[in-house]
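Step one of this worksheet: look at the structure below.
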Amino acid sequence: MSQPTKVSATSADVLVGTWAEELFLTDGTYTSTIRFVENGRVLLLRGPRPGCVGAGNWRATGGDGFWCQMAELVLDEDGVLTGWVDIEQNLVVSGDTLTGTGVAHVYDADDTLVARSGIEVRAVRQ
């Protein structure tokens with residue numbers, strides 16, 4: 001298994017850390033907490049719905065811009081997988097504010113696509 005590539009220090013300094021985000025989707029508004037790690041990984045620490053966990057990758061796209069892709073697992077109260085969400089976002093950091101847009105593809109537990117939604121993201125550094 002290959003190791004993630006370490007991104008440049010200047011890119012990492014702008015994005016790395018924990019962010020409280022508000023997500024605006026077609027079906028509603030959600031909050032979550034994510035953490036961008038220096039090695040290009042992103043972790044969903046507190047999902048937009050109870051029982052959600054996730055992880056993915058990010059990379060710098062130039063200036064204060066970033067691309068991020070994450071898979072979010074949706075689990076019921078017993079820990080059983082009920083579906084998952086594939087999320088792709090383009091993000092911009094300005095000081096302690098993160099904004100962006102993207103798309104979420106929602107799948108059921110049988111990997112059938114059940115919904116697609118545009119995403120608008122607004123986050124603040126914690």
Side-chain angles (χ1 to χ4, degrees):
M1 182 195 244
S2 65
Q3 295 296 315
T5 304
K6 185 172 178 163
V7 297
S8 71
T10 55
S11 295
D13 290 343
V14 174
L15 185 64
V16 166
T18 302
W19 299 81
E21 64 179 353
E22 195 169 15
L23 306 166
F24 303 90
L25 283 81
T26 306
D27 69 342
T29 301
Y30 301 90
T31 60
S32 67
T33 304
I34 58 174
R35 180 166 184 80
F36 292 93
V37 182
E38 185 177 284
N39 67 359
R41 298 286 191 197
V42 59
L43 307 169
L44 180 62
L45 302 180
R46 186 181 57 79
R49 293 170 298 276
C52 293
V53 295
N57 297 297
W58 67 270
R59 70 173 182 266
T61 58
D64 291 332
F66 299 89
W67 170 88
C68 172
Q69 184 172 27
M70 182 179 349
E72 172 190 338
L73 301 178
V74 181
L75 309 171
D76 69 13
E77 59 277 352
D78 296 321
V80 175
L81 179 71
T82 61
W84 63 282
V85 185
D86 185 27
I87 304 161
E88 188 170 343
Q89 302 171 335
N90 289 300
L91 306 167
V92 175
V93 175
S94 178
D96 287 335
T97 302
L98 176 75
T99 58
T101 59
V103 64
H105 292 91
V106 181
Y107 297 86
D108 65 16
D110 296 320
D111 301 325
T112 301
L113 179 65
V114 295
R116 180 184 182 279
S117 179
I119 304 169
E120 187 177 327
V121 179
R122 293 184 202 140
V124 292
R125 190 181 300 276
Q126 290 191 316

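Keep in mind it's a predicted model, so treat the numbers as computed, not measured.
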Point-to-point distance, once rounded to the nearest 0.5 Å, from OG1 of Thr99 to CG of Asn90: 11.0 Å

Beyond-backbone contact of Gln89 with Val121, side-chain heavy atoms, under 4.5 angstrom: yes

Nearest-0.5 Å distance, CD of residue Gln69 to CZ of residue Arg59: 9.0 Å

Expected output: side-chain Thr82 to main-chain Asp76 donor-acceptor under 3.5 Å: no

Gap between atom CG of Leu98 and atom CG of Leu91 - 0.5 Å precision: 5.0 Å

Short side-chain donor-acceptor distance under 3.5 Å, Ser32 and Glu21: yes

In one Ile/Leu/Val/Met/Phe/Trp/Tyr side-chain cluster, 4.5 Å: Val103, Val92: no

Heavy-atom closest pair, residues Gly95 and Arg125: O-NH2, 4.0 Å

Tyr107 side chain near Thr112 side chain, heavy-atom distance below 4.5 Å: no

Interatomic distance, Trp67 atom CH2 to Asn57 atom CG [nearest 0.5 angstrom]: 6.5 Å

Side chain Trp58, main chain Val37, donor-acceptor under 3.5 Å: yes

Heavy-atom side-chain proximity of Val85 to His105 below 4.5 angstrom: no

Min side-chain heavy-atom separation Val53-Leu44 under 4.5 Å: no

Val114 with Leu81, same ILVMFWY side-chain cluster at under 4.5 Å: no

Thr18 side chain reached by Leu45 side chain, heavy atoms, under 4.5 Å: yes

Minimum side-chain heavy-atom gap Ile119-Tyr30 below 4.5 Å: no

Leu73 with Val42, same ILVMFWY side-chain cluster at under 4.5 Å: no

Spacing of Glu120 atom CD and Thr26 atom OG1 [to the nearest 0.5 Å]: 11.0 Å

Check: Val80 main-chain N/O paired with Asp78 side-chain donor or acceptor under 3.5 Å: no

cation_pi(Arg122, Phe24) dist<6.0 Å, angle<=45: yes

CD1-CG distance between Ile34 and Leu23, expressed to the nearest 0.5 angstrom: 8.0 Å

Side chain proximity check, Trp84 to Asp111, heavy atoms < 4.5 angstrom: yes

Between Trp19 and Asp96, a side-chain donor and acceptor under 3.5 Å: no

